[in-house]
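Note that this is a predicted model, so its numbers are computed, not measured. Every chain is numbered from 1 and lettered A, B, ... according to where its sequence line falls, protein lines coming before strand lines. Values below: every heavy atom of this structure, side chains too, minus hydrogens, waters and symmetry copies.
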Number of protein chains: 2
Amino acid sequence: MQLEPQYKELLDTALEGSGQRATKQREHVYALLLQKRDHPTADEIYARARSEMPTISLATVYNCLETLVETKLIRQVNFEREPTRYCPNLTQHAHFYCRESGEIVDIELSDQLIGELMKVLPKGFSAQHIDIAYDGKCNHCHD
Amino acid sequence: MQLEPQYKELLDTALEGSGQRATKQREHVYALLLQKRDHPTADEIYARARSEMPTISLATVYNCLETLVETKLIRQVNFEREPTRYCPNLTQHAHFYCRESGEIVDIELSDQLIGELMKVLPKGFSAQHIDIAYDGKCNHCHD
DNA sequence: AATAATATTTAGAATAATTCCAATTATTGC
DNA sequence: GCAATAATTGGAATTATTCTAAATATTATT
Ligand SMILES: [Mn+2]
Ligand SMILES: [Mn+2]
Ligand SMILES: [Zn+2]
Ligand SMILES: [Zn+2]
């Protein structure tokens with residue numbers, strides 16, 4: 001499995017911009033996230049990574065993920081106190097967590113809706129970020 | 001410090017409804033949460049609880065909080081992977097986390113706004129709960 | 001190309017919030 | 001008051017994540 005050229009480009013410039021090196025571990029972790037966009041945990045990424053790169057360590061997976069988050073190529077996604085998950089979708093979106101299947105789905109959010117959410121803040125408050133997590137039943141799990 | 005009668009009533013009926021007993025530890029933890037509504041962590045609650053009840057244990061604080069959450073008298077509030085915080089405000093509200101001061105403020109949400117958020121879900125999805133967390137600068141911390 | 005400087009990876013130890021456990025203590029119903 | 005049940009307690013266990021220090025890889029310099 002390999003990183004498509006446009007993403008390879010993205011990764012290289014992001015890393016260069018932050019004075020970090022492009023390593024095969026970083027490429028591999030990034031490629032895995034882009035390939036199966038199911039919001040895996042570090043452990044899941046570790047398991048997937050090992051099939052093609054058996055010597056990679058869990059610490060490296062954490063390190064790579066940290067680098068990718070810092071350079072804003074991916075974001076962290078948290079539900080309650082569950083293990084952190086990772087998402088390469090950089091658009092403004094919320095997450096829907098299906099209690100039945102455990103599936104996590106991206107919910108795109110319009111600027112308009114974000115605007116409305118900003119409007120309800122009391123005077124003097126300014127938010128740089130809004131985190132929105134739904135939970136319930138997804139389309140596959142309905143009666 | 002003590003629990004106001006209306007809340008004592010609330011607690012007793014909630015506990016009775018779930019077949020649990022009203023103990024002084026549960027009352028005390030609940031009273032602390034109602035008194036200073038700053039979304040404390042279990043450790044903070046433990047520290048506060050000990051000044052009036054020096055023999056209470058951290059395990060008991062966790063147990064009491066769990067009971068209060070189960071009986072829906074309080075709710076848990078999580079920011080990223082920080083320690084869980086606890087909130088006795090039962091209205092529909094989001095949380096604003098000030099990066100500068102660490103203050104956590106309740107943001108009331110109208111049914112209308114929640115409705116809009118529900119509307120953006122794809123067909124077949126139904127949410128029982130939406131978790132909304134802002135983060136940025138609060139009114140006290142502005143330049 | 002060799003060497004030095006720097007960054008990354010690695011395995012395993014450390015950390016920290018929370019949960020579990022088994023013994024003691026408190027509360028309830030008779 | 002006594003037996004049955006539930007809650008509290010201190011400490012051990014768990015688990016995701018971070019830290020550490022040694023080994024390896026990459027880049028820059030001669
Ligand atoms: Mn996502
Ligand atoms: Mn609150
Ligand atoms: Zn589902
Ligand atoms: Zn502030």
Side-chain angles (χ1 to χ4, degrees), chain A residues 8 11-12 14-32 39-50 52-71 73-86 102 104, chain B residues 8 11-32 39-50 52-71 73-86 102:
Chain A
K8 168 68 173 139
L11 176 62
D12 287 349
L15 289 173
E16 186 164 4
S18 75
Q20 294 186 282
R21 293 172 183 170
T23 64
K24 52 184 186 321
Q25 289 87 344
R26 284 173 179 162
E27 274 191 32
H28 190 46
V29 167
Y30 187 40
L32 285 170
H39 302 87
T41 62
D43 261 334
E44 287 164 350
I45 295 163
Y46 178 47
R48 291 175 199 181
R50 283 204 314 171
E52 231 183 278
M53 190 182 273
T55 60
I56 197 173
S57 74
L58 180 56
T60 296
V61 169
Y62 272 106
N63 290 341
C64 292
L65 290 169
E66 188 184 23
T67 296
L68 294 171
V69 169
E70 271 172 8
T71 55
L73 291 169
I74 65 172
R75 54 184 270 208
Q76 296 183 305
V77 178
N78 289 290
F79 292 98
E80 318 266 291
R81 293 199 50 80
E82 289 186 15
T84 297
R85 298 168 173 280
Y86 297 85
I104 292 166
Chain B
K8 169 72 173 136
L11 177 62
D12 287 350
T13 41
L15 288 173
E16 186 164 3
S18 73
Q20 295 186 279
R21 293 172 184 171
T23 65
K24 52 183 184 326
Q25 289 88 344
R26 284 172 179 164
E27 274 191 31
H28 189 46
V29 166
Y30 187 39
L32 285 170
H39 303 86
T41 62
D43 261 332
E44 287 165 350
I45 295 162
Y46 177 48
R48 292 175 198 181
R50 281 197 323 164
E52 232 185 276
M53 191 182 272
T55 58
I56 197 173
S57 73
L58 180 57
T60 297
V61 169
Y62 273 106
N63 290 340
C64 291
L65 290 169
E66 186 183 26
T67 297
L68 293 170
V69 169
E70 271 173 9
T71 56
L73 291 169
I74 64 173
R75 54 182 268 208
Q76 297 183 305
V77 178
N78 289 290
F79 292 98
E80 318 266 293
R81 295 198 48 82
E82 287 185 17
T84 297
R85 297 167 174 281
Y86 297 86

K.L.:
Give the rounded distance in Å between these two atoms: CG of A/Leu65 and C1' of C/dT8.
P.N.:
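Rounding to the nearest Å, CG of A/Leu65 and C1' of C/dT8 are 15 Å apart.
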
K.L.:
Closer than 4.0 Å, any side-chain N/O of B/Thr60 to the OP1 or OP2 of D/dT8?
P.N.:
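The answer is no; no side-chain N or O of B/Thr60 sits under 4.0 Å from OP1 or OP2.
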
K.L.:
Kindly indicate whether the side chain of B/Leu68, heavy atoms from C-beta on, has any atom under 4.5 Å from the side chain of B/Tyr86.
P.N.:
no

K.L.:
Return the minimal non-hydrogen interatomic distance between B/Pro83 and B/Thr41, and the atom names on each side.
P.N.:
CB-CG2, 4.0 Å

K.L.:
Is there side-chain contact between A/Leu73 and A/Thr67, with heavy atoms separated by less than 4.5 Å?
P.N.:
no

K.L.:
Report yes if some heavy atom in the side chain of A/Arg81 is under 4.5 Å from a heavy atom in the side chain of B/Gln76; otherwise report no.
P.N.:
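A side-chain contact under 4.5 Å is absent here.
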
K.L.:
Rounded off to whole Å, could you give me the CD-to-P distance for the A/Glu80 and C/dA17 pair?
P.N.:
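It is 18 Å, rounded to the nearest whole Å.
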
K.L.:
Taking ring-ring contact (aromatic ring centres under 6.0 Å, His included) as the test, write out the residues that go with A/His39, two or more places apart.
P.N.:
A/His95

K.L.:
Roughly how many Å is it from CG in A/Leu15 to C1' in C/dT8, rounded to a whole number?
P.N.:
12 Å

K.L.:
Rounded off to whole Å, could you give me the CD-to-P distance for the A/Glu66 and C/dT9 pair?
P.N.:
11 Å

K.L.:
List the residues meeting side-chain hydrogen bond (donor to acceptor under 3.5 Å, both in side chains) with A/Arg50, not counting sequence neighbours, and say none if there are none.
P.N.:
A/Tyr46

K.L.:
Within this structure, what is the CE-to-P distance between A/Met53 and C/dT8, rounded to whole angstrom?
P.N.:
15 Å

K.L.:
For the pair made of CG in B/Leu68 and C1' in D/dA7, what is the distance, rounded to whole Å?
P.N.:
14 Å

K.L.:
Are B/Gln25 and D/dT9 close enough that a side-chain N or O sits under 4.0 Å from OP1 or OP2?
P.N.:
yes

K.L.:
What residues, two or more places apart in sequence or in another chain, satisfy salt bridge (Lys or Arg N to Asp or Glu O under 4.0 Å) together with B/Asp12?
P.N.:
B/Lys8

K.L.:
Listed by chain and number, what are the side-chain hydrogen bond (donor to acceptor under 3.5 Å, both in side chains) partners of A/Glu70, not counting sequence neighbours?
P.N.:
none

K.L.:
How about CD on A/Glu52, more than 12 heavy atoms from neighbouring residues, nucleotides or ligands closer than 6.0 Å, or not?
P.N.:
yes

K.L.:
Tell me: OH of B/Tyr46 to P of D/dT8, nearest whole Å?
P.N.:
14 Å

K.L.:
Once each nucleotide of nucleotides 25-30 of chain C is scored for protein heavy atoms under 4.0 Å, what B/S/- sequence comes out, 5' to 3'?
P.N.:
-BBS--

K.L.:
Just how far, in rounded Å, is C1' of C/dA17 from CZ of B/Phe79?
P.N.:
17 Å

K.L.:
Kindly give the atom pairs (protein nitrogen or oxygen, nucleotide nitrogen or oxygen) under 3.5 Å for nucleotides 17-24 of chain D.
P.N.:
| unit_1 | atom_1 | unit_2 | atom_2 | d |
| --- | --- | --- | --- | --- |
| D/dT17 | OP1 | A/Thr84 | N | 2.8 |
| D/dT17 | OP1 | A/Thr84 | OG1 | 3.0 |
| D/dT17 | OP2 | A/Tyr62 | OH | 2.5 |
| D/dT17 | O5' | A/Tyr62 | OH | 3.4 |

